[in-house]
*Asks:* 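Let me begin by handing over the structure; questions about it come next.
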Protein chains: 2
Amino acid sequence: MNSATRQKIIEAAMELFWVKGFQSTSIADILSRTQVHSGSLYHFFPGKQDLLVAVLEYYRDGIEENLLAYAWKDVDDPIERIFALLNGYRIMLVTSDFAHGCPIGNLALEISEPDPKVRELIAKNFSNWVDAVEQCLVDAGPRLPADTDRKALAEFILTIMEGGIMQARTHRDIALFDRNIEVLRTHLDLLMREAERAIA
Amino acid sequence: MNSATRQKIIEAAMELFWVKGFQSTSIADILSRTQVHSGSLYHFFPGKQDLLVAVLEYYRDGIEENLLAYAWKDVDDPIERIFALLNGYRIMLVTSDFAHGCPIGNLALEISEPDPKVRELIAKNFSNWVDAVEQCLVDAGPRLPADTDRKALAEFILTIMEGGIMQARTHRDIALFDRNIEVLRTHLDLLMREAERAIA
DNA sequence: GTCTATAAGGTGATAGAC
DNA sequence: GTCTATCACCTTATAGAC
């Protein structure tokens, strides 16, 4: 069942979990931001954990239209799509003055003893992201060496995004992120050069 | 000023922050684990934040003897020292059944509005780690291309460590970490091959 | 430096009228 | 579905004797 109130709660919780984290966001924070009252919130969500689950489901269901469609609307080249996606996170870091990191990555490290449902939803969010990047690498076809493990490389790219955000936020310096992306660029260039050599 | 009680508190807090996170660790948790009473704890640490600062200073001051000396005691080759260091985190993940991630990385993402002292200490812990890896890359000398930015590459390696741990913990599957390290290995191999070609 | 007792406020969650 | 009122608990932190 869906309703405007329910949706409003999810979106407020999403924003607050993103910026403050799950533990540091109180139910009172969400109530005051939404102008919803406690009774309504608990009508939709039996507990705070259930709200977290709903937020993670919302991310999971929206990756295509909220993230990928936006990042890729002007980019067709599969390799450049990867960098366009990464650049989306860069813009988010800069425009939020480092308040917004990766919402999933934050939760992944914060939730130490997650109930299985939460952990699996975080994992699913990661693997959907990895699948999308893997598809780019598959679409790059013979530009990469034939024996390149494209899934492993896609996981590697998620790792770089997460680690790059972590370092950039900690130092409050986007150059950390940029240098990480540059090294990734070097790596892909080296792979593509290898592939060219194999053909020649 | 230092005392056995103070040290006992720091070590308990370190372990608890590591496993449960900072917010989720209560003062009562620390008191019950140490058998110290509230009055003593607040005698040494005016507030919970000050305890966090002390823990981060403890990490910062111990990186050489608690982390590097151990990881490198049987390894001299500078490139292999990097993989030995990374393997230390791998062992930690496996032996703790994914309870222990990177203590600094966890805090880096959990603390959203850190007071400046906390953020700077986290940054210092990161940069000390990066400096150590950078030194390995410098020591690798001509095995890497002359124009390789060794600082940027060291930052990249920290990123991979952090992102690899994040993914492995989320999926509760060490293979995620291993595949990340394998791609890094490929990257360094490609760089070393480039360097050889430049000489020839 | 350590102990006991306790304060002051925030937390997630509930009851029950409407 | 929404509102008000409120509970029971846990949190960080303090007071003051020893």
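Letters A, B, ... are given to chains in the order of the sequence lines, protein chains preceding strands, and every chain is numbered from 1.
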*Asks:* Nearest to the side chain of A:Ala28, which nucleotide is it out of D:dA13, C:dT11, C:dT2?
*Replies:*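 Selected nucleotide: C:dT11.
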*Asks:* Any side-chain donor paired with an acceptor under 3.5 Å for B:Glu182 and B:His187?
*Replies:*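 Their side chains do not contain a donor-acceptor pair, so the 3.5 Å distance test is not met.
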*Asks:* Would you say the base of D:dT14 and the side-chain of B:Ser38 have a donor-acceptor pair closer than 3.5 Å?
*Replies:* yes
*Asks:* Nearest to the side chain of A:Lys48 - D:dA13, C:dG1, C:dG12?
*Replies:*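 Ranking D:dA13, C:dG1, C:dG12 by closest atom to the A:Lys48 side chain puts C:dG12 first.
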*Asks:* B:Leu52 has an atom CG; how far is it from atom P of D:dA13, in whole Å?
*Replies:*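 Going from B:Leu52 (CG) to D:dA13 (P), I get 12 Å.
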*Asks:* Counting only side-chain N and O atoms of A:Ser3, is one of them less than 4.0 Å from OP1 or OP2 of D:dG1?
*Replies:*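 For D:dG1, OP1/OP2 do not have a side-chain N/O of A:Ser3 under 4.0 Å.
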*Asks:* Round to the nearest Å and state the distance from A:His43 atom NE2 to C:dA15 atom P.
*Replies:* 16 Å
*Asks:* Specify the separation, in whole Å, of atom CZ of A:Phe45 and atom P of D:dT2.
*Replies:* 12 Å
*Asks:* Quick check for you: among D:dA13, C:dT14, C:dC3, whose closest atom lies nearest to any side-chain atom of A:Tyr42?
*Replies:* C:dT14
*Asks:* Establish, from distance only, whether the side-chain atoms of A:Asp131 and A:Gln135 form a donor-acceptor pair under 3.5 Å.
*Replies:*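 Per modelled atom types, A:Asp131 and A:Gln135 side chains form no pair under 3.5 Å.
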*Asks:* Please give, in whole Å, the distance from D:dT11 P to B:Asp29 CG?
*Replies:* 7 Å
*Asks:* Nearest-Å distance, NZ (B:Lys8) to P (C:dG1)?
*Replies:* 14 Å
*Asks:* Please lay out, stage by stage, how A:His100 and A:Glu15 fare under the test side-chain hydrogen bond (donor to acceptor under 3.5 Å, both in side chains).
*Replies:* CA-CA 9 Å; A:His100 282 167; A:Glu15 171 72 15; 3.3 Å; yes
*Asks:* Going by an N to O cut-off under 4.0 Å, is there a salt bridge joining B:Arg197 and A:Glu194?
*Replies:*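 Yes.
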*Asks:* Using whole Å, report how far CG of A:Leu31 lies from C1' of D:dT2.
*Replies:*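 Computing the A:Leu31:CG to D:dT2:C1' distance gives 12 Å.
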*Asks:* Using a cut-off of 4.0 Å on non-hydrogen atoms, how would the nucleic acid contact of B:Ser24 be classed: base, sugar-phosphate, or nothing?
*Replies:*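 The residue B:Ser24 makes no contact with any strand.
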*Asks:* Among pairs that include at least one residue of residues 29-49 of chain A, which meet salt bridge (charged side-chain N to carboxylate O under 4.0 Å, His left out), considering only residues two or more places apart or in two chains?
*Replies:* A:Lys20-A:Asp29
*Asks:* Strictly below 4.0 Å: does B:His37 bring a side-chain N or O up to OP1 or OP2 of C:dT2?
*Replies:*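 Looking at the OP1 and OP2 atoms of C:dT2, neither is under 4.0 Å from any side-chain N or O of B:His37.
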*Asks:* For B:Gln23 and C:dG12, what is the distance between atoms CD and C1' respectively, to the nearest whole Å?
*Replies:*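 The answer, rounded to whole Å, is 15 Å.
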*Asks:* Grab the CD1-P distance between B:Ile27 and C:dT6 for me, whole Å please.
*Replies:* 21 Å
